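Notes follow once the structure below has been shown.
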Amino acid sequence: MLLSLVTILFLPVHVAVFAIPATSLSTLYQDFSVKHSWGNSIPSSWIYHSSPDPTTLLTLHFRLKPSNFDQLLGNLSQTSDHFHERYGKHLSKTQADELTRPTEQTVMEVQEWFKWHGIADGIVFSNNSQGITLTIPVSVAETLLNTTYGIYVHVSDTQNQILRTTEYSLPRHLHAHISVVSPTTYFGSTREMKKTNFLEPIRIEYDATSNSNECTSAITPACLKDLYRTGDYSPSLTTSAKIGIVGFLEEFASISDFKSFTQNYLPNATNATFDVVKVNGGLDDQSDPGVEANLDVQYAAMAWPIPLTYYSTGGSPPFNPDSNSPDDTNEPYLDWLNYVLGLDELPKTISISYGDDEQTVPADYAVEVCNLFALLGSRGTSVMVSSGDAGVGGGDCQTNDGKSEVLFQPIFPASCPYVTAVGSTTGISPETASAFSGGGFSRLFSQPSYQSAAVSTYLSNLGSTYSGLYSASGRAYPDVSAQGQKYQVIVNGGVVSVGGTSCSSPTFASIVAYLNDFKLATEGSTLGFLNPLLYANPSALNDITSGSNPGCGSKGFPATSGWDPVTGLGTPDFVRLKSIRNM
Ligand SMILES: *[C@@H]1O[C@H](CO)[C@@H](O)[C@H](O)[C@H]1NC(C)=O
Ligand SMILES: *[C@@H]1O[C@H](CO)[C@@H](O)[C@H](O)[C@H]1NC(C)=O
Ligand SMILES: *[C@@H]1O[C@H](CO)[C@@H](O)[C@H](O)[C@H]1NC(C)=O
Ligand SMILES: *[C@@H]1O[C@H](CO)[C@@H](O)[C@H](O)[C@H]1NC(C)=O
Ligand SMILES: *[C@@H]1O[C@H](CO)[C@@H](O)[C@H](O)[C@H]1NC(C)=O
């Protein structure tokens with residue numbers, strides 16, 4: 001939690017203090033304006049359970065607005081533009097902290113507000129912080145945010161209790177200084193992007209003599225290395241080009257399954273292993289491996305000998321209303337981003353195989369998370385995210401704004417313009433789009449300029465088909481794709497066959513890890529945020545021109561030549577990517 005400030009325990013004095021302040025301050029602090037609201041509805045799949053004891057301690061994070069985010073984005077667009085003189089000159093942690101640190105005025109305004117509520121002693125503001133963490137009774141949080149917290153449970157697991165509210169407010173003048181308060185209205189499930197395990201495990205024995213497995217009956221590292229042409233690349237700067245897999249939801253990656261996988265499928269990865277870093281109370285139960293976690297680390301191992309780290313991020317709901325211990329924030333993207341952005345040395349390549357329907361993520365939370373992905377990019381890290389497994393939308397596709405309109409449903413964080421969203425393909429000669437490949441247009445984030453030409457070409461060919469069902473001016477995704485079906489994964493010692501964009505993201509990331517290694521070795525820097533480079537060099541990818549991604553009762557978008565919202569620009573060709581001029 002290096003970006004966070006000092007956590008203090010609230011001293012219960014606020015009742016006494018409340019009467020003292022001047023009328024003007026009282027007016028200022030009671031002039032509330034809603035920060036985020038779900039209206040009168042509870043996000044689907046969650047049920048109101050009960051009212052918390054008002055003395056229950058809650059750990060609340062206040063993310064402060066950065067002083068100069070526009071400059072950070074300005075830097076990002078220069079350092080990711082391969083014809084700009086500052087290409088590859090990523091910001092150091094100190095430089096990035098400088099641009100994102102809140103102004104003195106922001107710090108003071110928020111400090112005064114806490115003071116007025118009797119939360120004063122012990123708060124220390126430091127320079128590199130974007131956030132303040134307070135541990136306070138629920139009753140005080142409710143006064144600060146003019147809200148009422150409730151205990152909610154998820155329909156799939158009524159033991160999982162979380163402390164949330166359906167609406168919160170801030171004093172009007174503080175909206176300019178605070179970007180998001182959590183936990184408040186984010187009820188995210190961060191479901192894993194994995195479709196199904198096929199019923200019939202198809203086991204491919206690794207054949208060292210031929211090394212010619214084709215990606216036809218099943219997917220293995222050997223066939224992917226052939227298909228995407230990483231074959232004989234030998235990384236040179238293995239220690240600096242680290243690759244990281246982000247895990248949530250108590251998904252644990254098994255070290256013994258990993259060993260058996262590399263022995264069977266990656267025999268050249270002698271002694272391959274990975275580190276487990278536990279973030280925010282994350283666990284590492286080696287007796288309970290998860291399909292998602294095992295899939296992610298096993299296919300990221302295609303980048304071996306580049307060091308691999310698995311981040312086991314805590315925050316699966318542990319809230320216990322009886323314990324009177326602080327509620328876990330359970331908002332895993334922010335928790336992980338806080339952790340990683342506090343490191344001086346970042347992993348250079350990251351893969352995330354999780355997401356939620358964009359409409360279920362509060363806008364203030366989503367924007368903050370997306371900005372932190374931009375910050376990762378500005379520091380030279382390339383971030384891959386699965387594009388989702390429900391085509392243009394899963395379920396009934398109804399909006400949750402009370403109107404229940406059927407619209408295509410984009411997935412977050414794939415819909416964030418500062419990540420590289422990865423869709424799925426299947427088959428070879430030709431590779432075609434997987435029908436589940438998530439794709440479409442954000443309704444929250446507008447279209448970044450790096451993709452506007454590619455997207456407008458697609459949309460002019462599409463014409464009026466589906467008009468009104470998607471936001472044509474939104475950030476379009478996926479950006480790229482990779483194989484996503486029939487992956488051979490070892491779980492609990494046996495082989496299962498897995499499909500989903502979860503397969504595609506670590507696969508694409510393993511190739512990016514090699515590219516980052518190559519660029520480090522030749523230019524001394526990494527690629528960082530990839531999208532401007534990729535959209536400027538579509539011919540470095542294999543264009544996928546057939547298939548579509550049905551959903552929401554529609555046939556979905558068709559894959560076409562050029563960028564499309566099913567397979568993006570296409571699948572990687574390591575040899576062509578590596579030879580992009582000026583990469
Ligand atoms: C606080 O919120 C309630 C609704 O929950 C509203 O009726 C009330 O006016 C709000 N208070 C202020 C000071 O805005
Ligand atoms: C990039 O960041 C530096 C500070 O590190 C700042 O002075 C400069 O203006 C930024 N560049 C752009 C284009 O915003
Ligand atoms: C923050 O940084 C500024 C300039 O570097 C310095 O003057 C100030 O004392 C610092 N504040 C704290 C709390 O460290
Ligand atoms: C394993 O390494 C050897 C020697 O570098 C190489 O010839 C062979 O192609 C590699 N096999 C695979 C599957 O990468
Ligand atoms: C693999 O591990 C063994 C035993 O620890 C060691 O002798 C060997 O040198 C290692 N091989 C490589 C390539 O690091």
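Both ligands and their constituent atoms are indexed starting at 1 by order of listing. Fair warning: this is a prediction, and the values are worked out from it, not measured in the lab. Numbers here simply count residues along the sequence, with the first being 1.
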message = Go through it in stages, so that I can follow the logic: the residues are N338 and R63, the test is side-chain contact (heavy atoms from CB on, under 4.5 Å), and I'd like the CA-CA distance, side-chain angles, deciding distance and then a yes or no.
response = CA-CA 10 Å; N338 265 343; R63 304 278 314 172; 2.5 Å; yes
remark   = Pocket residues around ligand 2 (non-hydrogen, under 4.0 Å) come out as Q71, G74, N75, Q78, L99
request  = Would you check whether N146 has a nitrogen or oxygen atom less than 3.5 angstrom from a nitrogen or oxygen atom of ligand 1?
outcome  = yes
message = Using side-chain hydrogen bond (donor to acceptor under 3.5 Å, both in side chains), reason through S67 and T103 one step at a time and then give a plain yes or no.
response = CA-CA 5 Å; S67 57; T103 64; over 6 Å; no
task = Please determine if K348 and E345 form a salt bridge, counting it only when a charged side-chain N lies under 4.0 Å from a carboxylate O.
result = yes
request  = Evaluate the ring planes of W116 and Y29, with Trp represented by its six-membered ring, and classify them as parallel (under 30°), tilted (30 to 60°) or perpendicular (over 60°).
outcome  = tilted
inquiry  = Check D97 with K93, please: is the shortest side-chain N to carboxylate O separation under 4.0 Å?
reply    = yes
task = State plainly whether the residues R379 and D344 are in salt-bridge range, i.e. N to O under 4.0 Å.
result = no
remark   = Taken to the nearest 0.5 Å, the spacing of S77 OG from H84 NE2 works out to 7.0 Å
request  = Number the atoms of ligand 1 from 1 as they appear, then name those within less than 4.0 Å of a heavy atom of F32, with their elements.
outcome  = 12 (C), 13 (C), 14 (O)
